[in-house]
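To start, the structure itself, in structure tokens.
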Amino acid sequence: MILKQLIEETTPLKITGNGEVEVTSIEIDSRKVKSGSAFVAMRGTVSDGHNYIDKAIELGASVIICENIPDSLNEGVCFVQYASTEDVVGQLATRFYGNPTQRMKLIGVTGTNGKTTIATLLYNMFRQFGYKCGLCSTVCNYIDGAPVPTECTTPDPITLNQLLGRMADEGCEYAFMEVSSHSVVQKRIGGLTFYGALFTNLTRDHLDYHKTFENYRDAKKGFFDMLPQEAFAVVNADDKNGMVMVQNTKATVKTYSLRSAADFKAKIMEEGFEGMNLEMDGKEVFVQFVGRFNVSNLLAVYGAARMMGRSKEEVLVALSTMKPVNGRFESIRSKEGITAIVDYAHTPDALVNVLTTINEVLQKKGQCWTVCGAGGNRDKGKRPLMAQESVKHSDRVIITSDNPRNEEPQDIINDMLAGLDEEQKKKVITIVDRREAIRTACMMAQPGDVILVAGKGHEDYQIIKGVKYHFDDHEVIREAFGYPNPPSGQ
């Protein structure tokens, strides 16, 4: 693409050099620059891309997009200056990759919990309806069934637009993606046009980055503020922040609820660990999910599908065939009748949701065990809260490691224990090694008991002292229950 074409819908402060130069790629990582690249110098939270301009030129960059043009210019390199490269990078990326969200319909899901489940179920449902679809999620990205590995909830704007561009090029009619609070604040979704947006709920998370709950809430709200008039917004009326999200949106707003008047409603008729009978929008349907939080997730999926033109009957039939997403309330039952639940719950609210569900189904006919920890180098304020909720809603708790990252695992455990009084600590065992913690729970539990293994869900790794090791909660549980694990990669 010619540089002038790339930047024609933006407003640069200054252009120094040849605006007719051809751009072969657009990069924000100087290590990925090659001959003909346009390098965008971004001011990040860790480093400043302006410090890597010389390196980008050495590697062959023909265009430098920056906020400060260097004093000494390089012959043959065009410099384009903007007031904020963060504000413009999304627009440049989406233009370079052929405006993918003009060629397919993009639906975004935001909130603290439930994003992965909702985005994945919508993706699976619309593929079942016969559409080519793309998915951008925490677990994995997919282009019509073909997996594309992922490292974060919402990729950087270059990677994201490249992925969406591939989806559009391969004929996808819909794309479903999780939208993180970081991505809104850091303008990673800048330049994209959303056809629809969903809000799940809002509880304490990512305060290590946002600092205050209000900042975190406003980041989520910013996503709805940017929606065009033609879009729809489906929000959870059971969350007090649901209507806050759409206060200033131009989109058509619809609500869903288990408790109050709403456009889309449902209630639980009967439930067990194998699934629930629901009444949804006046019709009865059996689903292979458990818990009120999952009814809320399914309602969000139902509401979005209805807003996308599907009939009540076909959506309910599709929901009845869906299975839980990897690492989201997945159950493994031992030969002796012990049930282990693997769930990604890594916030106090998510733990409460899962444990409340387990106890509602258990009805005191067995004990509830919880194995959990907290991530290192993340919000320390939630650690004592997670311990408190685990003890409050469980009969026995084993506090262990999650992803300690660069922190000492015992220090994280001590932070969790600090939230408990001496009486509460009597319910608790601490085992630093996560494998041993899970094995211990499986060994001590009795037939009829339920073990919640929380925090990692779909993740198949542990980060200890900055090193990534293979670790899968499912595998450890199956081994403890005496089951063979499938071959690697299956």
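- Every residue meeting the ring pair (Phe, Tyr, Trp, His ring centres under 6.0 Å) condition with Tyr174, not counting sequence neighbours, appears here in chain and number order: Phe126, Tyr131.
- Without hydrogens or angle criteria, Arg405 side chain to Ile463 main chain gives no donor-acceptor distance under 3.5 Å.
- Side-chain N or O atoms of Thr356 include none that pairs as donor or acceptor with a backbone N or O of Asn353 at under 3.5 Å.
- Heavy atoms from other residues, nucleotides or ligands lying under 6.0 Å from CD of Glu8 number more than 12.
- With hydrogens and angles ignored, the 3.5 Å screen pairs a side-chain donor or acceptor of Arg259 with a backbone N or O of Asp238.
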Can you check side chain to side chain contact (heavy atoms under 4.5 Å, CB included) on Tyr302 and Lys312, steps first, answer last? CA-CA 8 Å; Tyr302 176 83; Lys312 176 191 294 190; 3.1 Å; yes

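- Side-chain contact between Ile28 and Thr85 is absent, with no heavy-atom pair separated by less than 4.5 Å.
- Looking at Leu163 and Ile143, their side chains come closer than 4.5 Å, going by heavy atoms from C-beta outward.
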Could you go through the side chain to side chain contact (heavy atoms under 4.5 Å, CB included) check for Leu160 and Cys136 one step at a time? CA-CA 9 Å; Leu160 178 58; Cys136 184; 4.1 Å; yes

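- Asn248 and Lys221 are linked by a side-chain donor-acceptor pair at a separation below 3.5 angstrom, with hydrogens and angles left out of the test.
- Proximity of Lys187 to Pro157: side-chain heavy atoms (C-beta onward) are nowhere separated by under 4.5 Å.
- Here the side chain of Ser25 pairs no donor or acceptor atom with the backbone of Ser37 at under 3.5 angstrom.
- With hydrogens and angles disregarded, a donor-acceptor distance shorter than 3.5 Å links the side chain of Ser320 to the backbone of Val317.
- You'll find the ring centres of Tyr344 and Phe329 outside the 6.0 Å limit.
- Closest approach of Gly111 to Thr200, counting heavy atoms only: CA-OG1, 3.2 Å.
- Across all non-hydrogen atoms, the minimal contact from Phe264 to Asp281 is CD2-OD2, 4.5 Å.
- Annotation: side chain of Cys78 is in contact with side chain of Ile15 (closest heavy-atom distance under 4.5 Å).
- Not a single donor-acceptor pair under 3.5 Å links the side chain of Thr357 to the backbone N or O of Phe293.
- Using a 4.5 Å heavy-atom cutoff, the side chains of Ile268 and Glu360 are not in contact.
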Set out, in order, the CA-CA distance, both residues' side-chain angles and the distance that settles side chain to side chain contact (heavy atoms under 4.5 Å, CB included) for Leu452 and Val354, then state yes or no. CA-CA 8 Å; Leu452 170 64; Val354 176; 3.6 Å; yes

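- To the nearest 0.5 Å, atoms CE (Met386) and OG1 (Thr347) are separated by 6.5 Å.
- The line from CG of Leu299 to CG of Leu278 is 8.0 Å long, rounded to the nearest 0.5 Å.
- Taking CG of Leu319 as the start and CG of Asn297 as the end, the distance is 11.0 Å to the nearest 0.5 Å.
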With salt bridge (Lys or Arg N to Asp or Glu O under 4.0 Å) as the test, would you mind laying out the steps for Glu86 and Arg188 before giving the verdict? CA-CA 8 Å; Glu86 184 179 70; Arg188 292 186 220 163; over 6 Å; no

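- Around the NZ atom of Lys267, the shell of radius 6.0 Å holds no more than 12 heavy atoms that belong to other residues, nucleotides or ligands.
- Looking at Val287 and Leu298, their side chains come closer than 4.5 Å, going by heavy atoms from C-beta outward.
- Under the 3.5 Å distance criterion, the side-chain polar atoms of Glu178 are left unmatched by any main-chain donor or acceptor of Ala119.
- Here Asp263 does not pair with Arg306 in a salt bridge; the nearest charged N to carboxylate O distance is not below 4.0 Å.
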Please determine whether side chain to side chain contact (heavy atoms under 4.5 Å, CB included) holds for the pair Phe289 and Val295, giving the CA-CA distance in whole Å, both sets of side-chain angles, and the decisive distance to 0.1 Å. CA-CA 8 Å; Phe289 294 79; Val295 183; over 6 Å; no

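- Defined by atom type and a distance below 3.5 Å, a donor-acceptor pair is present between the side-chain atoms of Arg328 and Thr116.
- When every heavy atom of Arg378 is checked against every heavy atom of Glu407, the shortest pair comes out as N-OE2, 4.4 Å.
- A salt bridge links Arg43 to Asp48: at least one charged side-chain nitrogen sits closer than 4.0 Å to a carboxylate oxygen.
- Here the OG1-CD1 distance, from Thr370 to Ile341, works out to 11.0 Å after rounding to the nearest 0.5 Å.
- Side-chain contact between Tyr52 and Ser47 is present, with heavy atoms from C-beta onward closer than 4.5 Å.
- The shortest non-hydrogen separation linking Met276 to Gly291 is SD-N, 3.4 Å.
- Rounding to the nearest 0.5 Å gives a distance of 11.0 Å between CG of Leu164 and OG1 of Thr159.
- Sorted by first and then second residue, the salt bridge (Lys or Arg N to Asp or Glu O under 4.0 Å) pairs with a member in residues 122-132 read Arg127-Asp144; sequence neighbours excluded.
- When the options Gln462, Glu459, Lys468 are evaluated for a side-chain hydrogen bond (donor to acceptor under 3.5 Å, both in side chains) with Asn403, the one that passes is Glu459.
- Electrostatic pairing of Glu173 and Arg103 does not count as a salt bridge here, judged by no charged N lying under 4.0 Å from a carboxylate O.
- Listed here is the closest heavy atom pair of Leu6 and Leu92: CD1-O, 3.4 Å.
- Among all heavy-atom pairs drawn from Gly455 and His346, the shortest one is O-CB, 4.0 Å.
- With a 4.5 Å cut-off on side-chain heavy atoms, Phe199 and Phe224 count as touching.
- Proximity of a side-chain donor or acceptor of Glu330 to a complementary backbone N or O of Gly327 within less than 3.5 Å is detected.
- A donor-acceptor distance shorter than 3.5 angstrom exists from the side chain of Lys265 to the backbone of Ser260, with no hydrogens or angles considered.
- Distance check, rounded to the nearest 0.5 Å: CE of Met416 to NZ of Lys382 gives 10.0 Å.
- Asn236 contributes no side-chain N or O that, together with a main-chain N or O of Asn201, makes up a donor-acceptor pair within less than 3.5 Å.
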